[in-house]
Amino acid sequence: MATHSKNHYFVPHGSLYPSVLSAGILLLATGFIFSVAMDRSKDLAYLQTPGKWMMYFGTAVILWMVFKWMGAVISESLSGKYKNWEDKSFRFGMIVFICSEVAFFAAFFGALFYMRVLSVPELASYAPDITPYKDFLGTWPSTGPGGNVLGAEYVPPANFKPMHWMGLPLVNTIILLTSGATITWAHWGLIKNNRKQLVVGMALTVALGIAFLACQALEYHEAYTEMGLTLGSGAYGATFFMLTGFHGFHVTLGTIMLIVILLRCMKGHFTPEHHFGFEGVAWYWHFVDVVWLGLFIFVYWL
Amino acid sequence: MSTVTVAHHEEHHDHPTGIMRWLTTTNHKDIGTMYLTFSLIMFLVGGSMILGIRAELFKPGLQLMNPDFFNQLIGIHALIMIFAALMPAATGFANWMIPLQIGAPDMALPRLNNWGFWLLPPAAILLTLPFTLALFGIGDGALATGWTFYPPLSLQGGIGVDFAIFSVHLLGISSVMGSINIIVTLFNMRAPGMTLMKMPMFAWGWLITAFLLVATIPVLAGAVTMLLTDRHFGTHFFDAAGGGDPILFQHLFWFFGHPEVYILLLPVWGFIPQILQTFSRKPMYGYKAQVYSLWAIGALSVVVWAHHFFTAGMPVPALLYFMYSTMAISLPLAVLFFCWIKTMWRGSMSFETPMLFAVGWIILFGIGGLTGLVLADVAADAQYHNSYFVVAHFHYTLFAGGIMGIMAGVYYWLPKMTGHMYSEKLGKLHFWLTAISFNLTFIPQFFLGLAGMPRRIPDYALQFAEFNMISSIAAFVLGLSQLLFVYNIVSCIKGGKKATDKVWEGAEGLEWTLSSPPPYHSFTDQPVVK
Amino acid sequence: MQVLKKVGFGLGILLASLGAYADYSWNFPEPVTPMALDTLHVHNKFMLISMAIFLSVLAIMIYSIFAHRKSKGYKAVADKAPSTAVEIFWTLIPFAILLLIDFVIMGIPAYHSVVMMEDTRDKASMVIKITGSQWRWQYEYLDGDAQGIKFVSNLTTTNDQMNNAADKGENYLLEVDNPLVLPVGEKVRILMTASDVLHNWWVPQFGSSRLAVPGFIRETWVQVEKPGTYRGQCKELCGKGHGYMPVVVNAVSMEEYKTWVAAKKEEQAKAIAGADKEWTKEDLMAEGKKVYEKNCAVCHQVTGAGLPPAFPAITGSKISISPIFGEDGKYLPDSHMDRVLNGKNVMPAWKATLNDTEIAAVITYERNALGNSVGDVVQPSQVKAARQ
Ligand code: HEA
Ligand code: HEA
Ligand code: CUA
Ligand SMILES: [Cu+2]
C-alpha cells in the first residue's frame, strides 16, 4: 500500500488548525463589532472594553494558529512529503488566490472610476434652479459638494490638496520596482544554488519593503497633518486611503512573508528544484507590485 | 481497467473518532458530509423564519411581529437560504463527488478544504447572533435591510448590519477557499486519460462556478467593506455630500449578485443531465453543446448586473445594453433545455425519485427562467420591479431550480453515500407534496405582483388578501413536507436495504465503480480512463 | 399515470375556483397613462410568447414521458454520439428561435418603450418635485400657477386598524391626508429625490416607477389620461415604515385643478400669516398634537415612549426638557429646536417639511405633554428667526 511511488499524493492527516483558526476569527469579528457598537448607540458603550479584549484574544488565537499551521507545512515540506504533484497543486492554488485578490482590488478601483466618471460629475450637472449644490464644479480630485444628505453635516476640508505623484509616490514606485528586481535576482541565485546571492537578494527585498512602508507612513502623516486629506475627505479621501491602505496592508503581509522566507533561506531551506514557498511569496510580491502600478497611474497620476 | 498505483494517507489506521474526527478531518467525504448536514440544518432554520413571515402575511393587519422584526426575518431568511443552505449543499456534493467522478485520491488541498467548511458555522453564528443579543437587550436585532444591504438604509442600521457584514466576509472567504480547492482538484487531480472534455458535466458546472466565485465574491467583500468604513470610519462612498452614490453599492453588489444566481445553479445544471441520462438509459445529448453553453452563461453573467436596478435611473444606452445582454443569457439556456429534453427523448425512462425531481425541476425552472426573461424588459420591469412578481420569479429559480435540484441530487447519490436505499415511496410522496404546494405558494405571488403588491411589506391592502392567504397555507404545507425529506434521509443513514455498487441500472461514471458506501480512501488505485 | 391525472384535475378545479373567488383581475390594473398602456402591451406579448414556448416544450416533454418509458417496454434508441455537425445543427435551432424572440419580437418594441420612458422633458407642461422621506412623500410644484405649493402626504390609516382593533376601511393602507393633485392630459415632468434613504415612487396604473436617491435628482414623467384617484406604494425597502408610505394621486380636469391650486395657495398664505401672530398655548398644544401624531408618532410613538434603543423616548428626554435658547436669544446646539429643525442621524430634519407654526406647535406640545411639563412656549416667530 504505502508504496511511495511518484504517484503518491500526500494527504495530510487531520489537524485542529482550521477550526480553531475560524473560532479565532469569530472572536475577532464579534469583538470588533462590540468595540465600535457605540458608534450606533450610546447605550452600548459598555461593550467596548469586553469587545477590545475579545479582539486581542481572537488575534492571538489567529496568529498562534497561523504560526502552527505554517510550521506544519514547513516541516512537511522539509521531510520531503511534497513532490511535483503536490507542488503543482500549490502553484495552481496560489494563482487562483492571487486572482481573487485582483478582484478585491478591482472593487475599489471600480468605486474610484464610478465616482470620478459618474457620480461626481452628475452631482455637478443639475440645472441651476434645481440643484442643491450651488457652486459645486465636479472636477476631479473632488471631496464632494458637502451638505447634509444622510443626516450628518459634512463640510469638505477647506485646505484640501490631492496627493501629487511626484515626491514620495514616485520614490515608492522606484522602491517597489527595484524590489521586484531584487527578488528575481534572489530567485536566480536559488536556481543556481548560489546561497549567498539568494540571501542577499532576499535581505535587500525585505529592506525595500520596509522602506516602502516607511515612506507610506510618512505620506499618510503629511496627508493628515498638512493637506486636509483624510479618510473622511469625500470621494477622493475615501478612495485614496482605501486603495493605498489595502495595498499597504498587502505590502505589510508580503514583507512579513518575505522575512519568513529570508529566515528559511538563511537556514538553508529550499532546493533549486523545490521551492514553492519561495515562489509563492515572490508571486505575491509581484502582484503587490503590479497593483501599485495601477495605483500610481490612476490614484496619483491621472 | 488498467491502474496506476496511488498510495494514500499519511496515517492509515488511527483516525480520531467522535467530534475530533469532524473537527480535524481532511477527508473529502467527511468534509462533504459536514457541508451537506450544515446545509440541511440551515435550510430548516431559514425555512422556519420565512414561515413566520407567511404567518404574518396570512391576513391583513399586524398579527405576530412588528415591522422591524419582519424586515430582519426576510433578510436573514434570504442570506441563510442562499449562503448557508444552497451554496454549502453544492459544495458538499462537490467534495463528495468530484474526487470520485474524476478518479482522484482526495481533494487537492485537504487542510484548506477543512478550513473552508469550518468558516461556515462562525458565519452562521454571526448572522443570527444579533437576534439572540436583542433578546438580552443588546442592540436592536439583525440586519433589517433585506439581503441586499442597500445603503443608506444599511448605514442607519444597528449592530446587526455589522454582524452581517462580517458574516458575509467569512462566507466569502469560505467560498473562495472552496473554489480554489475545486479548481486545483479539477486541473491537477484528474485520473490519467480523463481529458477536460471527458469530465463529467457536474465537474464542468463546478469549474465555472468556482471561476465565477473567485471573480465576484471579492467584489462583494469590497462592497461591504466600504459599507463598514462608511458606517464607522467616516468615508463617503455612499453619501452624495462627499461625492459618493448609494447606487455605487448597487453596482458592486449586483456585480457579485447576478453571477451568484448562476453560481448557485451551475452545479445543478451539471448533475441534472447526469440524472436524466441515468434514468433514460441513454447517453446525454450534446455534451459539447452543454459545456459551451455553461461557459457562455458564465461569461455573460458578469456583464448584465444592472438589470436589478433598471428603475434607479440610468442613461438610455446603458438601459438598452443591460436589457439586451440580459436577454442574451436565454440563448445558451435554450440550448441547455433542448439538450436535456433531447436526452430524455426516446430513452427508456423510469421514474424513481431522483428522476421525478429532475423532470419536475425542468418544468419549474423553465417557469422561473421564462419569467426572468420577461423581467429583463426595461419598460415592463418598471412594473415588476420589487413587486411580488419578482419574489415569485426568484423562488421558481432558487427553490425549484436550486433546492429541488439539490434534492434530486440527494436522492440520486444518497444510496452511494450511505450504502442504503432510501424509501422510494416516501421519496415520491415528498416530491408530489413539494411540487404541488410549491406551486400553490408561488403562483399566487405572480398575480399579487401584477396586481401591484410590493415586496418586503409586513402588511398589505385588502385587495391582496385572498392570494396571500392561499400562499401562506401552501407555504406551511411546503414546510411540513420537508419533514418527510429529513425523515427519509435520517432513516436511510441509519439503515435500510443495501444498495448495490452501481445503484441505478443506467448509471455511468467512475463514482459507480466504487463500493456503496465508498471506502474511506476513495481511489487507492487511480483508474485510467480511455 | 393515474396520480398525474388526479393531481392535474384537482389543480384545475382549484384554479378555477380561485378565479371565481378573487375579485380582481389577473393582470396589471387598468392603465391610465401612455407608459402604463405600453407596459401592459409589452407584458401581454411577453406572456403570450413565454406561454407558447412553455406549453410547446411541456407538450413535447409530456409526450416523451408517456411514450418513452421503460415500464411500457420502450427500448432506448442506440443514440450513437451525434456527429458534431448534427449536434451543432440541432442546438442552433432553439438558439435561433430565442434569438428571434429576444432581439426582434421583444427587442424592437422594448427599444421604443425605453426611449419613450426616458424622454421626460419633451412637451412637458409642468414640473413637480417629489421627495421621499421616512415615511412620507413630499410634493412640491415648481412652475406655472401652482409654483410654490408644497405639502406632505401622510398615511391616514389608524394604528387601531393596523392592529385589528378597528375595522379596516376600503383603502386600508392606501389612504393619505394630502393626495397629489394633477391635471388630466398634461405631461408632468417629475423630479425625484429623497431626504434619508432610498424610496421608490410607484403607482401601478401609471406604469412609472423611479428610485428616489438621497442627494441625487432622478427624473420620470406621467401623463394621466383619465380622471380618478390612483393609489400606489413606496417600492424600495426604506425601514420599518416601508409598508406605510402610500402614494395617492388625484387626477382631475384642468378647471378643477385650477380651483384646487387657488384654494391651496390661499391655505398656504394663511399659514404664513399665522406664523406672524402670537399664538396662545392652547392653540399651539392642539395644533402640536395633530402635528405630532401625524409626523412623529411613527417613531416616538403616540405616548412619547419611543422604541428604544432605535428611537428615543420624548418623555423625560434630556433634549425635550432642557432650555432651547441661550442668553443671546439664539437656539443652542443640540437643543430641542436644533434637533427638530436639523435632525440627527435617523431623526429627520423637519425644516424643509414643516412650516414655522407646525414646528413651534410640535415643540411646545412635546415639552408640555407626553409626560413632560416644562411650561414654556415656542412661538412661530421664534422658529422663523431660528431658520435664519
Ligand atoms: C438561481 C437563481 C436565478 C436564476 C437562474 C435567474 C435567471 C434569470 N433572471 Fe433572475 N433573479 C433571481 C434569481 C435568478 N434569476 C433573484 C434572486 C432575483 C431577485 C433579487 C432581489 O432583488 O432580491 C432575480 C431578479 C431578476 C431581475 C430583476 C427584477 C427586478 O428586481 O426588477 C431580472 C431582470 O432582468 C432577472 C432576470 C433573469 C433572467 C433573464 C434570467 C435568465 O437566466 C433565465 C434564462 C432562462 C430561460 C430564458 C428559460 C429558457 C427555457 C426555455 C426556452 C424552455 C422553457 C421550458 C420548459 C417548460 C421546459 N432576474
Ligand atoms: C435559496 C433561496 C430561497 C429559498 C429556498 C426560499 C424558500 C422560501 N421562501 Fe424565500 N426568499 C429568498 C430566497 C429563498 N427562499 C430570497 C433571496 C428572498 C428575498 C429577501 C429580500 O427581500 O431581501 C426571499 C423572500 C421571500 C419572501 C418575500 C418576503 C418579502 O418580500 O416580504 C417570501 C414570501 O412569501 C418567501 C417565501 C419562501 C417560502 C415559503 C419558502 C419555502 O420554500 C421554504 C420551505 C422550507 C421550510 C418551511 C423549512 C422546512 C421545514 C421545517 C423547518 C419544519 C417545520 C415546519 C413547520 C412547523 C410547518 N421568501
Ligand atoms: Cu419608502 Cu419604502
Ligand atoms: Cu440577475
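Atom set for the values below is all heavy atoms of this structure, side chains included, hydrogens, waters and symmetry mates excluded. Order of the sequence lines fixes the chain letters, A, B, ..., with proteins taken first and strands second; residue numbering starts at 1 for each chain.
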**Study point:** Between CE on residue B:M20 and OG on residue A:S19, distance to nearest 0.5 Å
**Key:** 7.5 Å
Check your understanding: Taking it one step at a time, do A:Y17 and B:W115 satisfy side chain to side chain contact (heavy atoms under 4.5 Å, CB included)?
Key -> CA-CA 8 Å; A:Y17 314 137; B:W115 191 39; over 6 Å; no
Review point. When rounded to the nearest 0.5 angstrom, what distance separates CZ in B:F187 from OG in A:S89?
Key: 12.5 Å
**Study point:** Contacting region of B:L252 [heavy-atom separation from chain A under 4.5 Å]
**Key:** side chain
Check your understanding: For B:I173, is it the side chain, the backbone, both, or neither that has a heavy atom closer than 4.5 Å to a heavy atom of chain A?
Key -> neither
Check your understanding: Hey, does A:E101 have a side-chain heavy atom less than 4.5 Å from the side chain of B:P218?
Key -> no
Review point. B:N188 side chain to A:W85 main-chain N or O, any donor-acceptor pair under 3.5 Å?
Key: yes
Check your understanding: Quick one: which residues of residues 105-113 of chain A reach chain B at under 4.5 angstrom, heavy atoms only?
Key -> A:A107, A:F108, A:A111
Practice item. Kindly check if the number of other-residue, nucleotide or ligand heavy atoms within 6.0 Å of OH (A:Y46) is above 12? Key: yes
**Study point:** Donor-acceptor contact present, side-chain B:H236 to main-chain A:G232, <3.5 Å
**Key:** yes
**Study point:** Pair A:T30-B:F163, side chain to side chain contact (heavy atoms under 4.5 Å, CB included): steps then yes or no
**Key:** CA-CA 7 Å; A:T30 317; B:F163 274 104; 3.9 Å; yes
Practice item. Answer yes or no: is there a side-chain heavy-atom contact under 4.5 Å between A:F246 and B:T225? Key: yes
Check your understanding: Relative to chain A, which of B:I125, B:N181, B:L112, B:N114 shows the most heavy atom pairs under 4.5 Å?
Key -> B:N114
Practice item. Pick whichever of B:L220, B:T25, B:D140, B:L155 has the most heavy-atom pairs under 4.5 Å with chain A. Key: B:L155
Review point. If you look at every heavy atom in A:S15 and B:R111, which pair is closest and at what distance?
Key: OG-CD, 3.4 Å
Review point. Taking all atoms of both residues into account, what is the closest heavy-atom pair of A:L123 and B:A240, and its distance?
Key: CD1-O, 3.4 Å
Check your understanding: So, does B:T235 use its side chain to make a donor-acceptor pair with the main chain of A:L231 at under 3.5 Å?
Key -> no
Review point. In Å and rounded to the nearest 0.5 Å, what is the CG to CD distance from A:L150 to B:Q156?
Key: 8.5 Å
Exercise for review: Pull out the residues in residues 132-143 of chain A that come under 4.5 Å of chain B, heavy atom to heavy atom, sorted by number.
Suggested key: A:Y133, A:T143
Practice item. Please look at B:S174 and chain A and tell me whether the side chain, the backbone, both or neither of the residue comes under 4.5 angstrom of a heavy atom of that chain. Key: neither
Review point. Is chain A contacted by the side chain of B:L248, its backbone, both, or neither, given a heavy-atom distance below 4.5 Å?
Key: both
Revision key, fill the gap. CD1 of A:I33 to CD1 of B:I165, rounded to nearest 0.5 Å, is 8.0 Å
Study note, to complete from the structure: Looking only at heavy atoms, the pair that brings A:P12 and B:P110 closest together is CD-CG, 3.7 Å
Check your understanding: Does A:R91 reach the side chain of B:V184, with side-chain heavy atoms less than 4.5 Å apart?
Key -> no
Check your understanding: In Å, rounded to the nearest 0.5 Å, how long is the span from CZ of B:F166 to CD1 of A:I25?
Key -> 11.5 Å
Exercise for review: Could you tell me whether the side chain of A:S100 and the main chain of B:V214 form a donor-acceptor pair under 3.5 Å?
Suggested key: no
Review point. Closest heavy-atom contact between B:G243 and A:P145?
Key: N-CD, 3.8 Å
Check your understanding: Is any side-chain heavy atom of B:R231 closer than 4.5 Å to a side-chain heavy atom of A:V36?
Key -> no
Exercise for review: With rounding to the nearest 0.5 Å, note down the distance linking OG in A:S22 to CH2 in B:W118.
Suggested key: 8.5 Å
Exercise for review: State, with a plain yes or no, whether a side-chain heavy atom of A:L118 is found less than 4.5 Å away from one of B:D245.
Suggested key: no
Practice item. For the pair B:H232 and A:F32, name the ring-plane relationship: parallel under 30°, tilted 30 to 60°, perpendicular over 60°. Key: perpendicular
**Study point:** A:Y114 and B:H251 aromatic ring geometry - parallel, tilted or perpendicular at 30°/60° bounds
**Key:** tilted
**Study point:** Contact class of A:L44 relative to chain B, heavy atoms under 4.5 angstrom
**Key:** side chain
Exercise for review: Tell me, for B:F255 versus chain A, whether the close heavy atoms (under 4.5 Å) come from the side chain, the backbone, both or neither.
Suggested key: neither
Review point. Non-hydrogen atoms of chain B under 4.5 Å away: do they reach the side chain of A:I95, the backbone, both or neither?
Key: neither
Exercise for review: Output the option from B:G157, B:P121, B:S179 having the highest count of non-hydrogen pairs under 4.5 Å with chain A.
Suggested key: B:G157
Point to revise | Among the listed options B:I138, B:L120, B:L228, B:V176, the residue most often paired with chain A at heavy-atom distances under 4.5 Å | key: B:I138
